[in-house]
Amino acid sequence: MPQFIYLSGCGYYMAPSFAAIVKRPDSRPSAGDSAEHSAEDSGDGALSSRIEDEPEEAAGGLKGLKRHSRAVRLACLAIREALQTASIPGHAPGGKSNDIGVVVGTNDANLEAIDRLQQEAETYGVNNTNPGLFPETVLNVIAGQASIYFGLGGPNVTISGGDFSSVKSLQYAADMLESGSASHVAVCIVRLHPPAVFEGSIRYRAARESVVALVLSRQPSGGSGSGLKLRLESVTDLPDAAATRVTDEQLPAVLAVKLRSGELPSGTSVIYADAGPEGLLAVEF
């Protein structure tokens with residue numbers, strides 16, 4: 001991974017409302033919030049753990065996405081916001097003339113489409129299902145559609161890493177920047193609740209739905225020195241008991257809030273997230 005990279009843009013949406021973090025400043029996640037607390041907050045029924053379907057005005061300017069799955073629509077909206085924040089112009093589909101990459105981290109974004117296809121097969125027969133549904137059942141559909149829609153000519157990759165999808169996606173994006181295969185990478189972490197038919201068979205389930213897009217860059221966006229300079233490093237142990245530690249689920253939103261507000265929990269300059277058998281991912285600012 002490169003010595004330093006830049007977090008130059010972000011776009012994020014979280015339950016209970018489509019733009020909860022934007023419209024409800026008090027709902028912004030922090031490293032001090034836990035998934036358990038999020039679940040408790042919504043336990044009285046006042047708050048939903050599901051992102052509301054996006055209002056039509058939020059999808060303005062993203063023509064042609066209505067026929068796609070909810071996962072694709074939400075991810076593209078977040079990626080658009082992240083690219084705009086990073087001052088990276090998205091251009092018309094088919095004009096791939098750049099080296100901007102896409103990495104999508106998700107475990108479940110294709111389950112709604114799989115359920116719909118199964119329902120159609122049961123209702124109309126396997127030979128009479130909507131052919132447009134099939135591409136949506138493939139897990140890497142978000143990365144592919146985002147690459148096509150925004151005209152991003154770099155590699156597009158999907159990471160399904162269970163409890164460590166965020167960490168693995170950020171590490172992969174950093175490696176893409178270091179290798180020179182991309183100058184910017186839009187990383188989008190999509191966590192949606194599975195349809196009821198899958199309840200009980202899914203090992204990993206987010207406490208609350210969220211879609212977070214981050215743009216990582218080799219250089220400050222626009223060459224103006226803007227962006228958040230950071231370094232990603234794999235470590236095996238926490239340096240001390242007071243170190244700030246977040247879950248894989250919290251990590252993308254914490255980085256987005258840091259970019260937007262300049263704040264870090266407890267005033268620290270390093271946060272740590274579980275990286276599975278490899279130990280921890282340290283994000284130093």
Side-chain angles (χ1 to χ4, degrees), residues 8-13 18 51 53-54 56-114 116-117 129-161 165-166 168-170 172-177 179-192 210-218 221 252:
S8 53
C10 65
Y12 48 108
Y13 303 101
F18 174 71
I51 297 175
D53 285 336
E54 70 275 18
E56 290 186 8
E57 59 269 21
L62 292 182
K63 296 179 180 179
L65 286 180
K66 187 175 182 179
R67 63 185 177 87
H68 289 293
S69 67
R70 176 170 168 263
V72 169
R73 296 195 308 271
L74 290 172
C76 284
L77 284 164
I79 290 171
R80 177 186 66 170
E81 184 176 344
L83 292 172
Q84 289 176 340
T85 305
S87 300
I88 298 174
H91 53 77
K96 294 187 176 183
S97 59
N98 56 56
D99 63 348
I100 302 171
V102 179
V103 175
V104 172
T106 186
N107 301 308
D108 44 33
N110 60 335
L111 295 182
E112 285 190 7
I114 291 174
R116 287 174 57 200
L117 188 64
T129 57
N130 179 359
L133 280 177
F134 180 74
E136 305 284 336
T137 66
V138 182
L139 193 60
N140 63 0
V141 65
I142 296 175
Q145 290 294 347
S147 176
I148 294 170
Y149 193 86
F150 294 109
L152 308 181
N156 70 81
V157 178
T158 299
I159 303 291
S160 181
S165 291
S166 299
K168 301 300 183 185
S169 297
L170 290 169
Y172 199 99
D175 288 342
M176 287 171 61
L177 294 173
S179 69
S181 57
S183 58
H184 307 277
V185 181
V187 181
C188 189
I189 309 300
V190 182
R191 288 190 168 91
L192 301 178
S210 62
V211 178
V212 182
L214 305 168
V215 174
L216 299 182
S217 307
R218 285 203 302 258
S221 62

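Keep in mind that the numbers below use all heavy atoms, side chains included, and drop hydrogens, waters and symmetry copies.
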Identify the heavy atoms of [X] and [Y] that sit nearest to each other, and give their distance.
{"X": "Ala173", "Y": "Leu216", "result": "CB-CD1, 3.9 Å"}
{"X": "Ser181", "Y": "Pro155", "result": "O-CD, 3.5 Å"}
{"X": "Leu214", "Y": "Pro252", "result": "CD2-O, 4.0 Å"}
{"X": "Ala71", "Y": "Ala109", "result": "CB-O, 3.5 Å"}
{"X": "Thr158", "Y": "Ala143", "result": "OG1-CB, 3.7 Å"}
{"X": "Gly11", "Y": "Ala82", "result": "N-CB, 3.7 Å"}

TODO: Can you establish whether the number of heavy atoms outside Arg116 located under 6.0 Å from its atom CZ is more than 12?
DONE: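 At most 12 heavy atoms, drawn from other residues, nucleotides or ligands, come within 6.0 Å of this atom.
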Are any non-hydrogen side-chain atoms of [X] and [Y] less than 4.5 angstrom apart?
{"X": "Val215", "Y": "Thr85", "result": "no"}
{"X": "Val185", "Y": "Val102", "result": "no"}
{"X": "Val103", "Y": "Met176", "result": "yes"}
{"X": "Ile88", "Y": "Ile100", "result": "yes"}
{"X": "Ser169", "Y": "Ile189", "result": "yes"}
{"X": "Leu170", "Y": "Val187", "result": "yes"}

Give a yes or no answer on whether the side chain of [X] reaches the backbone of [Y] with a donor-acceptor pair at less than 3.5 Å.
{"X": "Asn140", "Y": "Val157", "result": "no"}
{"X": "Ser165", "Y": "Ser160", "result": "no"}
{"X": "Arg218", "Y": "Ala182", "result": "yes"}
{"X": "Thr106", "Y": "Val190", "result": "yes"}
{"X": "Asn98", "Y": "Gly153", "result": "yes"}
{"X": "Ser69", "Y": "Glu136", "result": "no"}
{"X": "Arg73", "Y": "His68", "result": "yes"}

Distance, nearest 0.5 Å, that separates [atom1] of [X] from [atom2] of [Y]:
{"X": "Leu65", "Y": "Tyr149", "atom1": "CG", "atom2": "OH", "result": "4.5 Å"}
{"X": "Asp99", "Y": "His184", "atom1": "CG", "atom2": "NE2", "result": "7.5 Å"}
{"X": "Cys10", "Y": "Leu83", "atom1": "SG", "atom2": "CG", "result": "11.5 Å"}
{"X": "Ile142", "Y": "Asn156", "atom1": "CD1", "atom2": "CG", "result": "11.5 Å"}

Open item on the list: Could you walk me through whether Arg70 and Leu192 satisfy the side-chain contact (heavy atoms from CB on, under 4.5 Å) test, starting with their C-alpha distance in whole Å, then the side-chain angles of each, then the deciding distance to 0.1 Å, before giving a yes or no?
Closed with: CA-CA 9 Å; Arg70 176 170 168 263; Leu192 301 178; 4.0 Å; yes
Task: Between Glu81 and Tyr13, a side-chain donor and acceptor under 3.5 Å - done: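 Side-chain D/A pair, Glu81 to Tyr13: present.
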Task: Flag for Asn110-Thr137: side-chain donor and acceptor within less than 3.5 Å - done: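 Not at all, the side chains of Thr137 and Asn110 share no donor-acceptor pair under 3.5 Å.
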TODO: Kindly determine whether Val72 and Val141 satisfy side-chain contact (heavy atoms from CB on, under 4.5 Å), including the steps that lead there.
DONE: CA-CA 8 Å; Val72 169; Val141 65; 4.1 Å; yes
